[in-house]
> 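Below you will find the structure I want to go over with you.
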Amino acid sequence: MKSGRQAPPILRCISGKFSRNLIYLTVFCAAIICILVINHLMFYRTNPETFHDHCASWTNETDFVIPGDEKLGMMSLYEISCLFTRYVTSLQRLCTEPKRFGDVDYGGVRICTDRAVAPSPGCVIYSYNHDLSQRFTDQMEEKFKCDVVFFGKDVISSSYDSTSGFIKVLASHQQVISVVVMKLNSRDFKYLTQFIRTLRRMQVKQIILEIHLSPNSGTKSDYVQIMTALRRLNESNYFKYWYDRNWNCIGNERKRNRYSRCWTINMFLKNGDEEDIVISKGSDLPNIAPLGTSPIDENEKKKYKNEYLKYISKHQILCKQMLRLGNIVDGGWDICHDVQFRPKPPCIVYSFGINYDFSFDEDMEKTYGCDVFCFDPSMKTADYKHSDHISFYNVGLGDRNKEVTVSGETWKLKTLRTIQKELGHTNRKIDVLKIDIEGNEISTIPEMISSGALNNVVQLCLEFHHYYDLGSLRKLYDIGFRIFWAHQNPFAAFYANGESYSYGMEVYFVNINMAANV
């Protein structure tokens, strides 16, 4: 039997009250923590600026079909916003030559210059409330002898021309209109429906819409209105051939610019008797062209530059669904999400050129569950495990196995074939190969082709820094790689041939020999 002095009644009373208060406090804190956790999860779910799943798992359909009014009305805000996001970032028809006119960062648009839908000589292009640059106007005059007519906000008076007045002007146009460009906020969505009705009385070759609809502030009514209008455009035989996540609308909260608050979608009118082209025929490249490793003088480079620029700006195959993984402007990359090329676990990704930005690699892990192997000799970082499925290696990509000295630092370079052997991937499918190695692709591409290291690569994402290596482009085409997309760098624009380009241009290929049977 234990013995000891019992505490006085007053202390027992205080102790009991203290215990009860502690229990109440604990329960209260637990409740607060639960509320914070739920709010945190809901914030991340409804604020794609900070985190999002690209709505990749929302549907597995190849073609996005906008449902009728009744079904749209039954959708939740999350569902309809996902449908909108995926719809405006998907394509429906192949334009083989979508060319950029105007400024690269903002103040320009892509126009399909395929023969059937290109602006006619002497045409008129109408723009409503869009900040198209003087360069766009000059290029339209130079390239097509077209006039650009502007409607919308008057800078001096800060007043708006009537949207209905703009539509009446279009309806009174007696000839075919080559291009109509419209910048739309949610208050303008009702006028888009009015514009679509007038299409029965006129013919517009191409319609370009810049749609401002923030994922944080858009209401369900906003989404229903714009989705209904887009469905009616599609029913009127307008099909999307290009889209842009506008750089001027990109959020940068927490230094992760993953989402845009506005999109530009480009459509052309397709007649019912026109054949749908899914893949273009022929490369339009000379059979004999210099490789990047060939000695070549500046005059020869200039000779091949124009042809090179035209080639990497073309689309050779239609990828209907694309996801931009990682940051939108710089650090992210586009992936073809079509079923026949889509990464599926267990999938492998090689990522060359990191520069401390793992946003693309992390999105590949989260979105597809891939094992991602990252390589960069410039980060002064030893090999390490970045996450469960992301491994980093202090190695660079080279045309042979060697060590080089850069700014007093020793870098280890290896060929792609050597790296595949060391990782046990010699005969494995590489779902995505991303290469951004600041100009060294000019020597590594010929080696990768000749060694057969690219034969099992499904998607190839390349940033080009040299604009004359037609030989490597020809060889990539010959072994099955077709361009499905190109992404311009807004910070490195240059202008040539009356068109708009950029240095450091991202070009995306799929290997038609590795397409899955679906």
> Are any of the side-chain nitrogens in Lys434 or Asp436 under 4.0 Å away from the carboxylate oxygens of its partner?
no
> Taking 4.0 angstrom as the limit, do Lys99 and Asp114 come out as a salt bridge?
no
> Taking atom types as modelled and ignoring hydrogens, do the side chains of Glu210 and Asn246 form a donor-acceptor contact shorter than 3.5 angstrom?
yes
> CD1 of Ile207 to OH of Tyr238: how many Å apart, nearest 0.5 Å?
4.0 Å
> Look up atom OG in Ser472 and atom CG in Leu462, then write down how far apart they are to the nearest 0.5 Å.
10.0 Å
> Using side-chain heavy atoms (C-beta onward) and a distance below 4.5 Å, is Cys262 in contact with Leu213?
no
> Please list all pairs passing the disulfide bond (SG atoms under 2.5 Å apart) test where one or both residues lie in residues 385-463, with sequence neighbours left out.
none
> Donor-acceptor check, side chain of Gln316 to backbone of Ile483, threshold 3.5 angstrom: yes or no?
yes
> With no hydrogens and no angle check, do the side chains of Arg324 and His487 hold a donor and an acceptor under 3.5 Å apart?
yes
> In terms of side-chain heavy atoms, does His386 have a donor or acceptor partner in Glu362 at a distance below 3.5 Å?
yes
> Can Ser90 and Lys320 be counted as having a side-chain donor-acceptor contact under 3.5 angstrom?
no
> Could you label the plane-to-plane angle of the Tyr243 and Trp485 rings as parallel, tilted or perpendicular, counting under 30° as parallel and over 60° as perpendicular?
parallel
> When you measure from the centre of the six-membered ring of Trp242, is the NZ or CZ of Arg110 under 6.0 Å away and within 45° of the axis?
yes
> Once salt bridge (Lys or Arg N to Asp or Glu O under 4.0 Å) is applied, what residue pairs with a partner in residues 415-426 remain, sequence neighbours excluded?
Lys414-Glu422
> Give me the atom names and distance for the closest heavy-atom approach of His389 to Cys370.
CB-O, 3.4 Å
> Whether Arg93 engages the ring of Tyr241 as a cation-pi pair (distance to the six-membered ring centre under 6.0 angstrom, angle to the ring normal within 45°) should be assessed.
no
> Write out all pairs satisfying ring pair (Phe, Tyr, Trp, His ring centres under 6.0 Å) with one or both partners inside residues 414-457, taking only residues at least two apart or from two chains.
Tyr350-His425, Phe373-His425
> First locate atom CD1 of Ile512, then atom CD of Gln340, and finally report the distance between them rounded to the nearest 0.5 Å.
11.5 Å
> Kindly assign one of parallel, tilted or perpendicular to the pair Phe352 and Phe375, based on the angle between their ring planes and the thresholds 30° and 60°.
parallel
> With Arg100 as the cation and Tyr501 as the aromatic partner, state whether NZ or CZ is under 6.0 Å from the six-membered ring centre and within 45° of the axis.
no
> Which of parallel (below 30°), tilted (30 to 60°) and perpendicular (above 60°) describes Tyr384 and Phe392?
tilted
> Verify the distance criterion only: is there a donor paired with an acceptor across the side chains of Tyr87 and Gln92 at less than 3.5 Å?
yes
> State whether the number of non-hydrogen atoms from other residues, nucleotides or ligands found under 6.0 Å of Lys385 atom NZ is greater than 12.
yes
> Distance only, no hydrogens: is a donor on one side chain within 3.5 Å (strictly under) of an acceptor on the other, for Thr418 and Asn401?
yes
> Examine the side chains of Tyr503 and Gln488 and answer whether a donor and an acceptor come within less than 3.5 Å of each other.
no
> Does the side chain of His337 come under 3.5 Å of the side chain of Tyr368 through a donor N or O and an acceptor N or O?
yes
> Distance check, rounded to the nearest 0.5 Å: His130 atom NE2 versus Leu132 atom CG?
5.0 Å
> Salt bridge (Lys or Arg N to Asp or Glu O under 4.0 Å) with Asp478: which of Arg482, Lys475, Arg474?
Arg474
